[in-house]
Amino acid sequence: MRAPPSDLPQITAEILARIGERRPRVHCITNAVAQTLTPNLLLAVGAVPSMTASLDEIGEFVARADALLVNLGTLEPQRRRVIKIAVKQANERGIKWVLDPVFIDRSRPRAELAKQLIDFHPAAVRLNRAEFMGLAGTDPESGALARYALDHLTVIGLTGAIDLVGDGRRLAAIENGHPLMQKVSALGCAGSALVAACLAVETDAWIAVAAGLLALGVAGEIAAKRARGPGSFAVEILDALASLDRKVLIERGRVA
Amino acid sequence: MRAPPSDLPQITAEILARIGERRPRVHCITNAVAQTLTPNLLLAVGAVPSMTASLDEIGEFVARADALLVNLGTLEPQRRRVIKIAVKQANERGIKWVLDPVFIDRSRPRAELAKQLIDFHPAAVRLNRAEFMGLAGTDPESGALARYALDHLTVIGLTGAIDLVGDGRRLAAIENGHPLMQKVSALGCAGSALVAACLAVETDAWIAVAAGLLALGVAGEIAAKRARGPGSFAVEILDALASLDRKVLIERGRVA
Amino acid sequence: MRAPPSDLPQITAEILARIGERRPRVHCITNAVAQTLTPNLLLAVGAVPSMTASLDEIGEFVARADALLVNLGTLEPQRRRVIKIAVKQANERGIKWVLDPVFIDRSRPRAELAKQLIDFHPAAVRLNRAEFMGLAGTDPESGALARYALDHLTVIGLTGAIDLVGDGRRLAAIENGHPLMQKVSALGCAGSALVAACLAVETDAWIAVAAGLLALGVAGEIAAKRARGPGSFAVEILDALASLDRKVLIERGRVA
């Protein structure tokens with residue numbers, strides 16, 4: 001298994017700079033809880049969010065997007081149909097998309113949909129350990145993460161105390177982050193949108209996913225130093241993301 | 001009418017400690033405006049929120065929840081059906097649930113639904129004066145609150161300048177809180193979710209409701225001291241809730 | 001073309017004072033992203049928001065509202081029907097309403113609906129340059145804004161680096177604001193709700209729109225001085241709006 005490049009923090013800074021210059025459009029089909037934080041996080045790094053999940057609009061928005069996020073949280077029946085249309089269109093047009101299978105460990109209909117969507121080849125899947133088990137039927141340990149990524153031709157971004165990013169041949173372990181990140185609802189969902197923005201400007205999907213999670217983790221650490229609790233932390237992490245620079249990424253990035 | 005125990009602030013601290021230890025799952029069926037603040041407030045005290053109102057998922061989420069919140073704000077037709085399924089299932093499984101009949105004084109369909117739901121015995125109803133009148137057809141004064149609670153075997157948590165919590169035999173008046181609490185949309189809705197979290201760890205529903213409202217009121221006072229306006233107040237109240245301790249609850253709690 | 005009164009900042013202060021005294025009810029039919037910021041911004045200035053888009057409730061809420069906001073963002077099919085009912089009822093009752101045709105330049109179904117709604121005579125339309133072109137089929141330059149306003153008997157509030165407010169006979173250019181305002185999702189949508197609140201207490205619609213945009217722009221400048229990034233800016237602009245006074249409006253207001 002190849003390790004990540006030692007200059008991943010520097011590469012992350014370059015990817016963030018490209019997002020700021022190119023202002024990629026990221027279309028987000030996401031859950032009710034994530035409707036505010038997701039576009040605000042994208043705006044903080046310079047991407048341009050759009051958020052509709054309306055059946056008669058989705059085609060036009062996906063067609064002009066540079067990346068797509070599909071998040072399965074609070075999954076209403078009508079959103080399933082919209083998701084399938086969006087994913088097919090993204091694939092036809094070569095638009096990369098990210099799957100965030102929120103809580104599939106707690107909802108069978110979502111787990112089934114997630115398994116169907118995997119066959120449409122998301123560029124990346126961002127999930128936690130319980131969600132990975134819901135998707136792959138096994139713990140991510142001892143090579144299962146790599147095998148799943150290889151079998152499904154995708155990049156797995158497994159978030160937790162340490163984030164693991166694998167494409168089957170390469171594996172990065174990102175040690176940045178802070179426990180307060182678990183105290184802001186939909187922060188993981190918004191992080192998946194950040195990953196989508198990185199995919200819009202970086203052709204190596206494994207690098208893009210690692211960069212997105214590294215940026216979020218470093219921003220989380222900076223925010224935690226300034227915050228007095230989960231309320232101010234949610235504010236500070238947006239400020240930190242908007243001003244992340246090469247210096248702080250290199251200083252703080254801990255990748256193995 | 002029995003007064004509340006003089007050590008309610010201390011009991012509140014114990015209930016918050018139990019929430020932090022047991023991390024109860026609180027499923028929230030709530031309105032569009034409350035989708036962000038509600039889970040953030042639950043996370044701030046250590047509870048685990050889930051938010052879906054999808055017909056094909058609600059069963060699984062309620063089945064594994066430790067408490068349920070039913071909030072009638074921005075009531076779309078499809079949410080009515082979901083609510084009835086959720087409430088029946090909660091009752092079958094002995095899961096306590098809270099009714100928050102938002103704005104039933106302004107919407108006849110909501111008022112009708114609220115009256116139907118009362119017959120399914122919520123453990124608590126959290127509402128303001130106008131909503132109480134919409135539900136009970138009378139002012140909460142001169143014993144009407146107690147009679148309504150007794151008749152419907154529930155606890156009424158009536159919020160206002162002074163919060164009143166009654167189960168028909170006992171009545172607590174909580175004098176904590178701050179006018180800025182009226183300036184944050186959906187803070188009352190999120191407070192009902194906090195009450196649900198308290199019910200998940202405290203068998204005496206009257207104590208649980210009083211504890212939830214006392215905690216929110218004290219956090220509101222602390223937040224108001226630090227805030228410069230409604231924007232920073234909304235941030236500070238989450239920080240304050242996350243760090244409420246026995247000392248500050250005993251110092252500030254004003255219960256009669 | 002008549003210029004705005006030189007005392008527009010003073011008039012704005014008076015309009016804000018009337019909102020604080022009369023507490024107008026502003027009913028908002030708006031998009032998923034704007035559900036939190038919109039009511040919080042209205043509460044910050046003293047207005048009373050309501051947010052339902054439910055078919056069986058909309059009549060009662062519009063009937064008792066003092067102004068209506070119709071925002072076309074994330075336009076689900078069922079919201080179209082609700083919007084038409086709401087607009088007809090507002091017109092029958094003489095309730096002024098604001099149209100915010102979000103992203104109609106990117107969605108044909110929204111553009112068509114916006115054009116239909118214009119015939120129902122909104123008191124004001126709040127949009128950006130791309131949206132104006134989607135609506136009017138032409139750039140807002142060289143008198144097109146004025147012609148469109150005159151032809152459709154409405155006030156156009158065109159926001160950008162400089163906000164233009166025209167009713168066909170009068171034109172105001174408001175130079176207040178800050179680039180961070182582009183970094184908070186749904187801030188423009190919430191600004192349209194503020195315009196609706198101004199219309200509720202000011203009979204001259206052109207003055208009302210100019211006052212709403214001036215207040216938001218000045219609050220944005222104050223917030224930018226205190227903010228460290230887009231996260232804290234979103235908090236600070238609510239605090240700034242809640243404490244805007246005559247003095248600061250006169251000091252900072254730049255209207256031509």
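Convention: sequence-line order gives letters A, B, ...; per-chain numbering from 1. FYI, side chains are in, hydrogens and waters are out, and symmetry mates aren't considered; it's all heavy atoms of this structure.
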Could you check which of A/L55, A/T52, A/L241 has the highest count of heavy-atom pairs closer than 4.5 Å to chain C? A/T52
Toward chain A, the part of C/Q35 with a non-hydrogen atom under 4.5 Å: neither
In terms of heavy-atom pairs under 4.5 Å with chain A, which of C/R106, C/R79, C/E76 leads? C/R106
Within a reach of under 6.0 Å around CZ of A/R246, are more than 12 heavy atoms found that belong to other residues, nucleotides or ligands? yes
Relative to each other, are the rings of C/Y148 and C/F132 parallel, tilted or perpendicular (30° and 60° limits)? perpendicular
Salt-bridge present (A/R126, A/E131; N to O < 4.0 Å): no
Residue part contacting chain A, namely of C/V33, when any heavy atom lies under 4.5 Å: both
Would you mind checking which part of A/S243 comes under 4.5 Å of any heavy atom in chain C, side chain (CB onward), backbone (N, CA, C, O), both or neither? neither
With chain C, which of A/V235, A/T36, A/L41 has the greatest number of heavy-atom pairs at distances under 4.5 Å? A/V235
Whether A/D66 and A/K96 form a salt bridge (side-chain N of Lys/Arg under 4.0 Å from carboxylate O of Asp/Glu) is what I want to check. no
Contacting moiety of C/A32, where chain A heavy atoms sit under 4.5 Å: both
Do A/S232 and A/R226 have side-chain atoms, one donor and one acceptor, less than 3.5 Å apart? no
When you check the gap from the basic side-chain N to the acidic O, do A/E60 and C/R110 get nearer than 4.0 Å? no
